[in-house]
Enquirer: 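Could you have a look at this structure, given as structure tokens, before my questions?
Order of the sequence lines sets the chain letters (A, B, ...), proteins ahead of strands, with each chain counted from 1. Since this is a predicted model, take the numbers as computed values, not measurements.
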Protein chains: 2
Amino acid sequence: MRASLDRIDFKMLRLLQDNGRLTNAELAQSVVVSPATCHRRTQRLFDEGYISHVRAVVTPQKVDRGALVMVGVVLDRSTPESFAEFEKAVAKLKFILDCHLVAGDFDYFLKIRVGDMADFNRIHGDQLIALPGVRQTRTFFVMKEVVDNAPLDF
Amino acid sequence: MRASLDRIDFKMLRLLQDNGRLTNAELAQSVVVSPATCHRRTQRLFDEGYISHVRAVVTPQKVDRGALVMVGVVLDRSTPESFAEFEKAVAKLKFILDCHLVAGDFDYFLKIRVGDMADFNRIHGDQLIALPGVRQTRTFFVMKEVVDNAPLDF
DNA sequence: GATGAAATCCGAGTCAC
DNA sequence: GTGACTCGGATTTCATC
């Protein structure tokens with residue numbers, strides 16, 4: 001089997017990233033191969049992990065998750081155990097969309113979606129500062145989402 | 001037409017968010033309605049904007065975009081014109097996945113994906129500090145992606 | 001090892017109720 | 001909201017290169 005992607009595979013990836021509902025027949029037409037070949041290639045993109053999954057993107061504002069907040073977190077101690085404990089606890093909080101260990105003034109950056117500022121303040125007091133090992137947090141309310149989760153450019 | 005979503009609609013939204021490739025027939029079974037009803041409800045979720053689009057999620061590491069960087073940006077001036085100009089320029093840079101206007105120590109937060117640190121350093125020098133009105137940037141390299149773009153919990 | 005044509009099967013989309 | 005129907009796409013097989 002071919003080791004990497006050719007021009008057609010990349011085009012398929014981009015098309016599917018833009019529209020995950022494309023039918024195999026449409027995709028085949030767009031990249032000018034037969035439906036059978038297109039189907040096999042698409043399978044491969046999934047099987048080999050180029051596409052991890054397909055997601056219907058839900059509009060946050062429509063399901064009462066219109067408020068976005070970025071939070072910088074500093075832990076008490078910078079030990080592997082401390083990090084592990086924090087990360088384990090974060091995974092359970094479903095309102096946390098991103099959690100990244102970073103180099104710089106913070107240990108972690110969180111991206112959080114909630115209904116509104118009141119929600120966030122309650123959650124912050126109840127759940128964020130209660131996370132294991134948290135020394136301090138810095139909250140950045142998002143006032144305008146200029147670009148959110150743009151497609152990958154490759 | 002019903003003004004909001006019932007329990008079945010919410011379940012469909014969650015299922016489609018988890019797997020955008022679900023067939024209408026499968027979805028209908030999962031929520032225990034007929035395929036015809038399920039089809040109409042799904043249509044509505046799209047037509048009324050509950051689902052904005054469907055995306056195949058491409059694995060960044062597989063397409064040489066394995067490096068993630070968060071960048072805080074401070075502008076020279078806090079005028080609407082300055083903001084508008086900055087935002088317009090940001091929209092053209094495809095390696096910027098998120099750009100949010102925030103309240104706090106920064107004006108904007110960016111989330112950026114590139115191939116590696118060398119890529120980022122070149123881009124930072126060439127394109128980020130060259131963005132209109134940028135006074136300073138603070139870079140946070142992501143050392144570990146604990147959670148990235150988790151599904152929305154609603 | 002990959003391709004396209006053809007054949008089968010099954011779901012999407014529509015209509016009447 | 002359901003059931004039935006038609007059409008077209010998904011998926012497999014197979015011959016070919």
Enquirer: Atom CE in A/Met12, atom OG in A/Ser30: separation rounded to 0.5 Å?
Expert: 10.0 Å
Enquirer: Any residue in residues 9-28 of chain A with a heavy atom nearer than 4.0 angstrom to DNA chain D? Just list them by number, or reply none.
Expert: A/Thr23, A/Asn24, A/Ala25
Enquirer: Are B/Leu110 and B/Leu128 close enough that some pair of their side-chain heavy atoms sits under 4.5 Å apart?
Expert: yes
Enquirer: Do the side-chain N or O atoms of B/Thr37 get closer than 4.0 angstrom to the phosphate oxygens (OP1, OP2) of D/dT2?
Expert: yes
Enquirer: Using a strict threshold of under 4.0 Å (side-chain N to carboxylate O), is an ion pair present between A/Asp148 and A/Arg113?
Expert: yes
Enquirer: Could you list the residues that satisfy side chain to side chain contact (heavy atoms under 4.5 Å, CB included) with B/Asn24, not counting sequence neighbours?
Expert: B/Pro35, B/Cys38, B/His39, B/Thr42
Enquirer: Within less than 4.0 Å of OP1 or OP2 of C/dA12, is there a side-chain N or O belonging to B/His39?
Expert: no
Enquirer: Expressed as a whole number of angstroms, how long is the span from B/Gln43:CD to C/dA12:P?
Expert: 11 Å
Enquirer: When you measure from the side chain of A/Arg40, which nucleotide among D/dT11, C/dT3, D/dT2 comes out closest?
Expert: C/dT3
Enquirer: Let me know the distance between CD of A/Gln29 and P of D/dG8, rounded to the nearest Å.
Expert: 13 Å
Enquirer: Surrounding CD of A/Gln61 (heavy atoms of other residues, nucleotides or ligands, distance under 6.0 Å), is the total greater than 12?
Expert: yes
Enquirer: Does a salt bridge link A/Lys144 with B/Glu87, judged by any charged N lying under 4.0 Å from a carboxylate O?
Expert: yes
Enquirer: With respect to the side chain of B/Ala36, which nucleotide from C/dG4, D/dG3, D/dG1 is positioned closest?
Expert: D/dG3
